[in-house]
Amino acid sequence: MATGHEHAPVAPAADRATAALVTRRVPPSPRAAVLFLHGGKEDSRARSRPWQPAALRMKPFIRAVAAATRDDGILLAEVRYRVQGWNGHDADPVQDAQRALAELGHRFGRIPTVLVGHSMGGRAALRAAAAPQVCAVLALAPWCPDGEPVAHLRGKSVIVLHGERDRVTDPHASVSFAQRAGAAGARTETRLLAGGDHAMLRHIGAWHRTASSTVVGLLAARPGARSGVRPPSS
């Protein structure tokens, strides 16, 4: 996809090879950022590749958000994982998300950031939301096992979009997580997509439209937001 205006500092080739932040659109003066985290596996030390299905699944969401926020000074980027799995206490994608947020802050300052994560990436996004620049999370069919921490979400917006027919991650667990996060002081909302599956292929248009309009709303509600962010066309 087009990257837009690339006026940001360019890292050396060696740093780019190990960077966790992969920019997809960089406006001249970013006012906010949307950072995407794709899914993965519960346990795997295999190297993560950008052409794997879990990574490719997020591309249409990036394009939908790009179309909905065109000319609005919104930076779009992805988290590059080192490995494919969560891997127990290592929580590898959380480490990668934290590195990406640090790189984002180093390059562009601490701009308000919305995290968008699917499945394992949804869990990682919810964990990484502890970073002070993260103002909101959109979790798509997230993996929310019992006992996931919620206290760090106080004062942040958390929206969960889950397909009712998901057989990989549990939509009821997402509802429970959102309720606990709300009780801890987060602004939460859970939307169950009728007939939706885990891969987000069934009713694919509804997934993309709902996700992009949700991100637009979260950006509009961020601290210091201007009123220029517009909803996507139907």
Side-chain angles (χ1 to χ4, degrees), residues 32-39 57-58 60-62 64-69 72 74 76-79 93-94 97 101 112-145 148-166 168-198 200 203-223 225 229-232:
V34 183
L35 188 57
F36 295 84
L37 300 86
H38 64 75
R57 192 167 289 128
M58 293 303 290
F61 287 91
I62 299 173
V65 172
T69 58
D72 290 318
I74 308 301
L76 304 180
E78 295 179 82
V79 175
V94 180
L101 287 165
T113 301
V114 175
L115 302 181
V116 179
H118 172 240
S119 192
M120 180 191 79
R123 183 182 183 187
L126 290 164
R127 287 272 191 104
Q133 69 266 46
V134 176
C135 58
V137 179
L138 170 59
L140 306 169
W143 173 27
C144 294
E148 276 295 289
V150 295
H152 64 285
L153 296 170
R154 180 179 179 84
K156 308 202 178 200
S157 297
V158 176
I159 297 184
V160 176
L161 180 60
H162 214 130
E164 287 184 336
R165 298 181 64 178
D166 195 327
V168 178
T169 56
D170 185 0
H172 300 291
S174 286
V175 172
S176 176
F177 177 89
Q179 290 172 341
R180 291 194 300 112
R187 298 179 294 273
T188 63
E189 183 179 350
T190 305
R191 305 173 187 172
L192 297 181
L193 185 61
D197 61 346
H198 187 71
M200 304 182 296
H203 308 302
I204 188 169
W207 280 100
H208 297 162
R209 288 191 300 273
T210 304
S212 59
S213 62
T214 298
V215 170
V216 166
L218 292 171
L219 288 168
R222 74 187 187 275
V229 178
R230 64 186 182 283

Minimum heavy-atom separation for [X] and [Y], please, with both atom names.
X      : Y      : value
Phe36  : Met58  : CD2-CE, 3.9 Å
Ala211 : Leu140 : CB-CD2, 4.4 Å
Gly196 : His203 : N-CD2, 4.1 Å
Leu126 : Leu153 : O-CD2, 3.7 Å
Pro112 : Cys135 : CB-SG, 4.2 Å
Ala206 : Leu193 : CB-CD1, 4.2 Å

Without hydrogens or angle criteria, can the side chains of Asp166 and Thr169 be said to hold a donor-acceptor pair below 3.5 Å?
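Yes, side-chain donor-acceptor contact under 3.5 Å.
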Output, in order, the C-alpha distance, side-chain angles, deciding distance and verdict of side-chain contact (heavy atoms from CB on, under 4.5 Å) for Phe61 and His118.
CA-CA 10 Å; Phe61 287 91; His118 172 240; over 6 Å; no
Under the rule for salt bridge (Lys or Arg N to Asp or Glu O under 4.0 Å), what residues qualify as partners of Arg191, not counting sequence neighbours?
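Salt bridge (Lys or Arg N to Asp or Glu O under 4.0 Å) list for Arg191, sorted by chain: Glu189.
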Euclidean distance, [Y] [atom2] relative to [X] [atom1], rounded to 0.5 Å:
X      : Y      : atom1 : atom2 : answer
Asp197 : Arg165 : CG    : CZ    : 8.0 Å
Ser212 : Leu138 : OG    : CG    : 10.0 Å
Met120 : Trp143 : CE    : CH2   : 8.0 Å

In sequence, state the C-alpha distance, the side-chain angles, and the governing distance for Leu219 and Val34, and then conclude on side-chain contact (heavy atoms from CB on, under 4.5 Å).
CA-CA 9 Å; Leu219 288 168; Val34 183; 4.1 Å; yes
Verify side-chain contact (heavy atoms from CB on, under 4.5 Å) between Leu161 and Thr210, making sure each step is shown before the conclusion.
CA-CA 9 Å; Leu161 180 60; Thr210 304; 3.9 Å; yes
Within the 4.5 Å heavy-atom criterion, are His162 and Pro142 side-chain neighbours or not?
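A side-chain contact under 4.5 Å exists here.
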All pairs passing side-chain hydrogen bond (donor to acceptor under 3.5 Å, both in side chains) where residues 119-136 contributes a residue, at least two apart
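Listed by first then second residue: Ser119-His198, Arg123-Glu148, Arg127-Glu148.
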Please list all pairs passing the ring-ring contact (aromatic ring centres under 6.0 Å, His included) test where one or both residues lie in residues 168-195, with sequence neighbours left out.
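Not a single pair qualifies under ring-ring contact (aromatic ring centres under 6.0 Å, His included).
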Sole candidate of Val134, Leu101, Val116, Val114 that passes side-chain contact (heavy atoms from CB on, under 4.5 Å) when paired with Leu35:
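Result for side-chain contact (heavy atoms from CB on, under 4.5 Å) with Leu35: Leu101.
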Going by the rule side chain to side chain donor-acceptor pair (under 3.5 Å), which residues pair with Arg187 if we only count those two or more places apart in sequence or in a different chain?
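Partners of Arg187 under the side chain to side chain donor-acceptor pair (under 3.5 Å) test: Ser157.
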Partners meeting side chain to side chain contact (heavy atoms under 4.5 Å, CB included) with Ala184 (sequence neighbours left out):
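Per chain and number, Ala184 pairs via side chain to side chain contact (heavy atoms under 4.5 Å, CB included) with Val150.
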Contacts of Ala125 that satisfy side chain to side chain contact (heavy atoms under 4.5 Å, CB included) - sequence neighbours left out
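For Ala125, the residues satisfying side chain to side chain contact (heavy atoms under 4.5 Å, CB included) (neighbours in sequence not counted) are Leu37, Leu115, Val137.
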Starting from the C-alpha separation in whole Å, work towards a yes-or-no answer on side-chain contact (heavy atoms from CB on, under 4.5 Å) for Arg57 and His38.
CA-CA 7 Å; Arg57 192 167 289 128; His38 64 75; over 6 Å; no
